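Only one structure is covered here, and it is reproduced in the block below.
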Amino acid sequence: HGELTHGVFLYDETIRVPLLVSYAGAIPAGKRIPDVVGTVDLAATIAQALGQPLPQQTDSKSFWDLARGVPGSTREAVFSESHLPQIEFGWAPLSSARSRAFKFIQAPRSELYHVESDRDERQNLVDQDKAVGDRLAGLLRDAQTDQAADLPQAVTEEELDRLRSLGYFQGSKAPGKATDAAALKGRELPDPKDRIKKQAELQLASFDLSRGQFLQAETRLRVIVNGDPGNITARCRLADARIGQNDLDGAAKILSETLTLGDAAATSPALWRLAGLQRRRGQFDKSLSLYREYARVVPPTDRVAKAMAR
């Protein structure tokens, strides 16, 4: 579907993981089960297999009987979501409900696929099979309502750093209450389907930067920014390309403009870069002021403290 790596879309090519279960004497060998289960269900299944209780308040549902070939209840649908499009690029987040036969994807232009007969998810049936789409959309809304009652705290900057080191976040704010669907109500965010080619180009530009090919990266990034001016990650990468070519004034101008494109949390990667750039230019008072401003936006970490101490 045009995604160079993974993290944006919710198609089966990325999120479907075959589950292999082996337990000698309890589970029949070679049995293939077409029902869908979620990774959330592993805890309850292992607990039941070991005869251990689970906490009463859990979303985990055991599929132990299903694995043993014993008739039992199955999930009507499993759910997935991706907030990365909104966190990284200012696009709409995605969520999905997947039953054994169908998958519904909630997006600015929603999608419905008969995954049993259309495994590549190419034929969108959302208009033809409205009843199925409405049913899965309702299940998804119920799941989101349950989740909203107990939202997790936003991850810390230190935790984000660890995720970034694994390639999961290139910048921007942590997922949390600000990325909840209710917080996006009334905002017109681009559909990731319309912007995925830009994300692939952004990945290639990042590869160029890592290899020191700054001019090539800049060429790619200027095309992205011209077509998607609100893409904060692309603008920060463009500043990186200018820094790589020792154009500190040009990088500072790009970062300063980026700070005007969103709230302080959304533009925090540009603020961090600008603080480091000012330190590199010997403007230590300005750098310290920017680091302090950054520390008011993101959770304090040793990285911020060390930067201010320098």
Side-chain angles (χ1 to χ4, degrees), residues 7 83-91 93 151-180 183-184 187 189 199 202 205-206 209-210 214 217-218 221 224-225 228-310:
H83 287 288
L84 186 142
Q86 194 264 336
I87 294 169
E88 285 286 288
F89 312 118
W91 306 339
L151 282 172
Q153 296 295 314
V155 299
T156 66
E157 184 70 14
E158 186 176 358
E159 290 167 330
L160 263 185
D161 281 341
R162 290 200 292 269
L163 289 171
R164 288 177 186 132
S165 71
L166 297 173
Y168 285 105
F169 292 110
Q170 297 181 42
S172 203
K173 61 184 175 181
K177 293 186 179 181
T179 61
D180 183 69
L184 300 172
R187 293 181 59 188
L189 298 178
Q199 192 261 357
L202 183 57
S206 298
L209 289 172
S210 68
F214 301 115
E218 180 180 355
L221 290 161
I224 297 170
V225 170
D228 191 12
N231 193 322
I232 291 171
T233 300
R235 287 178 174 271
C236 288
R237 288 286 187 265
L238 180 58
D240 293 342
R242 295 311 307 163
I243 291 172
Q245 297 173 78
N246 294 315
D247 180 12
L248 302 188
D249 290 340
K253 183 175 184 294
I254 293 167
L255 294 171
S256 297
E257 291 173 349
T258 303
L259 293 177
T260 68
L261 297 179
D263 60 32
T267 59
S268 60
L271 186 60
W272 175 263
R273 283 170 167 81
L274 189 58
L277 188 150
Q278 295 291 19
R279 185 181 66 194
R280 183 169 173 174
R281 299 166 88 178
Q283 301 290 330
F284 300 116
D285 288 341
K286 289 182 180 180
S287 177
L288 182 58
S289 176
L290 291 170
Y291 278 129
R292 284 173 173 162
E293 185 178 346
Y294 180 86
R296 288 192 291 270
V297 176
V298 301
T301 65
D302 60 345
R303 182 180 78 151
V304 180
K306 288 176 182 177
M308 289 192 289
R310 294 193 192 104

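Bear in mind that the values here come from a model prediction, so they are computed numbers and not experimental data.
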Please work out which of the three classes, parallel, tilted or perpendicular, describes the rings of Trp272 and Tyr294, given edges at 30° and 60°.
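Ring orientation, 0 to 90° scale: tilted.
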For a quick test of reading the model, state the closest non-hydrogen atom pair linking [X] to [Y] and the distance between them.
X	Y	value
Ala270	Leu259	CB-CD2, 3.9 Å
Ala252	Leu277	N-CD1, 3.8 Å
Ala251	Ile243	CB-CG1, 3.5 Å

Close side-chain approach of [X] and [Y], heavy atoms under 4.5 Å:
X	Y	result
Pro229	Arg235	yes
Arg237	Glu218	no
Pro93	Leu189	yes

Within the side chain of [X], is there an N or O that forms a donor-acceptor pair under 3.5 Å with the backbone of [Y]?
X	Y	answer
Thr267	Asp263	yes
Ser256	Lys253	no
Ser287	Phe284	no

At what distance, to the nearest 0.5 angstrom, does [atom1] of [X] lie from [atom2] of [Y]?
X	Y	atom1	atom2	result
Leu84	Gln199	CG	CD	7.5 Å
Leu255	Gln278	CG	CD	9.5 Å
Leu271	Arg273	CG	CZ	11.0 Å
Met308	Tyr291	CE	OH	9.5 Å
Leu274	Ile254	CG	CD1	11.5 Å

Note: Asp249-Arg242 ion pair, threshold 4.0 Å (strictly below):
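Between Arg242 and Asp249 there is no salt bridge, as every charged N stays at least 4.0 Å from the carboxylate O atoms.
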Would you check if there is a donor-acceptor pair between the side chains of Trp91 and Asn231 at a distance under 3.5 Å?
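No pair is found: no donor N or O on one side chain lies under 3.5 Å from an acceptor on the other.
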Thr233 and side-chain contact (heavy atoms from CB on, under 4.5 Å): which partner among Ile224, Thr258, Leu202?
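In the set Ile224, Thr258, Leu202, the residue that makes a side-chain contact (heavy atoms from CB on, under 4.5 Å) with Thr233 is Leu202.
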